[in-house]
Amino acid sequence: MKPLGPRDYGFIGLLAAISLINPLSIHFYLPALPAIQAAFQVTVATAQFTFSITMFTLAAVTLAIGSLSDGLGRKPVLLGGIVLFVGGSLICAVAGGIEALILGRLLQAAGAASGLVLARAIARDVYGLERLTQIIAILTMAYVMGPMISPPLGGAVVDGLGWRWIFWLAASAGALLVVFSALLIPETRSAGARIQGARAMLGAYRRLFRIPRFSLYVLHTGFVTGAFFAVAASSSFLMTGMLGRPAAEYGLYFLFFPAGYLLGNLIAARIGLRVPIDTMVLAGSILNLAGALALAAALWLAAPTPLGIFLPGFVVTLSQGLALPSAQSGAIAVDKNLAGTASGVGVFMQMFFGAAASQATGLLADGTATPMILVVLPLAVAAMAVSLALGRLSAAGR
């Protein structure tokens, strides 16, 4: 297999930058929430809605983005999405009321949905199945850097320049991506793909979900992502409420999560070409279940401590980073003419299960670690069951 060259890494770097539109619309915004609440004199719940609407919009739009790119082409849908992101950012930057800000956030998220979905689909088109897991692992590593660097950068922007500059900078970054994407990304969609209209899009979903492997792969991505978000969403409340630790200390411990995810992706990128996809998925499932069981043991059988939360959480995120590239590449590979649709469904499942798991821990919250464990354990067991089912399909030659 021909090694990747400088031009390949430049192209992959552009795809990684496109993927970062997604966390730019989510995590870069977080430090601005208190300032926006004060600026528009709204309740905390209303201010929080300007954040949560992005998750709902991203989850919904990812389903359509992939199918649109299968029918209309990767490049026009990608460019249209980035332009929409820029437009939404500009509306937010000049918003005179909370309603305009919410509208801008909705448009910003709708445009951002194109980034992660189409970066993966384009990677599949250009590099084929042989390198797909490796490329997705590289893209995912870049994507994970977003949540690590966006909040501190966003905080510095808000403190130094004001909250509106969050959106001016986002719009500027998006405009640069429009230019580079227009110049450097060719149309990569297979000539055989011609998906048009809502009925055809529903038909594409039916066609994919009739393939058992596809259903199992996307369910697995949802289960392991849900387990991570359940831990991430609960950990801050457990640290500050149950353990009485300051927010600054929580911020330091939180680095266990992206570190685990990055390590998992590094391993996947290094060995993904040599190890079968289903083996990687099984390995991730085993680690995911081990992390969930360790979490339960540390918090139910001993006095709760920060390390009792974050060390098992490190294992959970490590398992996610290890398994996701393989499961995602397996899902995208089932039908070359529906790679965009498959990528969109995979991203939707991640966001949907992540949001649902986070919400479940919140609804069950009682000031203890029990709700988190009651959400994480079933998801880890479900991920293991899915990986075993994939193994049975492989054994049967299907």
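Just so you know, residue 1 is the first one in the sequence shown, and it goes up from there.
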Margin query: Same cluster or not: F209 versus L219, using hydrophobic residues (I, L, V, M, F, W, Y) connected whenever any side-chain heavy atoms lie under 4.5 Å apart?
Written below: yes

**Prompt:** Would a 4.5 Å heavy-atom cut-off, applied to side chains only, mark L324 and Y261 as touching?
**Reply:** yes

From the list I211, V386, V281, side chain to side chain contact (heavy atoms under 4.5 Å, CB included) with L216 holds only for V386

- prompt: Taking the six-membered ring for Trp, are the ring centroids of F353 and F223 within less than 6.0 Å of each other?
  reply: yes

**Request:** Please check if Y205 and Y217 belong to a single hydrophobic cluster, counting links between Ile, Leu, Val, Met, Phe, Trp and Tyr side chain heavy atoms closer than 4.5 Å.
**Result:** yes

When rounded to the nearest 0.5 Å, the distance separating OG1 of T279 from CG of L390 is 10.5 Å

Open item on the list: Taking the side chain as everything from C-beta on, heavy atoms only, tell me whether P212 gets closer than 4.5 Å to L393.
Closed with: yes

Quiz item: Should T370 and W300 be marked as a side chain to side chain contact (heavy atoms under 4.5 Å, CB included) after you check the CA-CA gap, both sets of side-chain angles, and the distance that decides it?
Solution: CA-CA 8 Å; T370 296; W300 275 349; 3.3 Å; yes

#### Entry: Stepwise side chain to side chain contact (heavy atoms under 4.5 Å, CB included) test for Q41 and I98
CA-CA 9 Å; Q41 294 295 298; I98 195 67; over 6 Å; no

Check whether V315 and L311 end up in the same hydrophobic cluster, where Ile, Leu, Val, Met, Phe, Trp and Tyr are linked by side-chain heavy atoms less than 4.5 Å apart. yes

Taking L106's backbone N and O only, do any of them form a donor-acceptor pair with T57's side chain (distance below 3.5 Å, no angle check)? no

Original post:
Side chains of P371 and T368: closer than 4.5 Å at any heavy-atom pair?
Top reply: yes

Residues at least two apart in sequence or cross-chain that pass side chain to side chain donor-acceptor pair (under 3.5 Å) with W165, listed by chain then number, are none

Contacts satisfying side chain to side chain donor-acceptor pair (under 3.5 Å) that involve residues 81-101 (not counting sequence neighbours) are S89-Q108

Interatomic distance, CZ@F314 vs CZ@F256, rounded to 0.5 Å, equals 8.0 Å

Could you tell me whether R392 and D278 have a side-chain N and a carboxylate O separated by less than 4.0 Å?
no

Next on the checklist: Under a 3.5 Å threshold, yes or no: a donor from one side chain and an acceptor from the other, between T225 and Q320?
Outcome noted: yes

Residue pairs meeting side chain to side chain donor-acceptor pair (under 3.5 Å), one or both in residues 166-181, sequence neighbours left out, come to none

To the nearest 0.5 Å, atom OG1 of T305 lies from atom CG of L299 at 7.5 Å

Taken in chain and number order and not counting sequence neighbours, the residues that satisfy ring pair (Phe, Tyr, Trp, His ring centres under 6.0 Å) with F352 are F348

message: Do L72 and L79 land in one hydrophobic cluster if side-chain heavy atoms of ILVMFWY residues count as linked below 4.5 Å?
response: no

field: Test log, rule side chain to side chain contact (heavy atoms under 4.5 Å, CB included), inputs R105 and F167
entry: CA-CA 10 Å; R105 290 288 287 164; F167 300 109; 4.1 Å; yes

dist W163:CH2 -> I36:CD1 (nearest 0.5 Å) comes out at 5.0 Å

Taken in chain and number order and not counting sequence neighbours, the residues that satisfy side chain to side chain donor-acceptor pair (under 3.5 Å) with S114 are none

Contacts satisfying side chain to side chain donor-acceptor pair (under 3.5 Å) that involve residues 285-298 (not counting sequence neighbours) are H220-S285, S285-S387, N288-S319

**Message:** Taking I122's backbone N and O only, do any of them form a donor-acceptor pair with R74's side chain (distance below 3.5 Å, no angle check)?
**Reply:** no

* **L15 side chain near I185 side chain, heavy-atom distance below 4.5 Å** => yes

Report yes if some heavy atom in the side chain of P325 is under 4.5 Å from a heavy atom in the side chain of N265; otherwise report no.
yes

When rounded to the nearest 0.5 Å, the distance separating CG of L177 from CG of L184 is 11.0 Å

For L118 and V77, what are the C-alpha separation, side-chain angles and deciding distance, and is it a side chain to side chain contact (heavy atoms under 4.5 Å, CB included)?
CA-CA 9 Å; L118 295 186; V77 176; 3.8 Å; yes

Output for pair (L322 CG, M280 CE), nearest 0.5 Å, gives 4.5 Å

Query raised in the report: Does T317 reach the side chain of L262, with side-chain heavy atoms less than 4.5 Å apart?
Result: no

**Study point:** Minimum side-chain heavy-atom gap M372-L295 below 4.5 Å
**Key:** yes

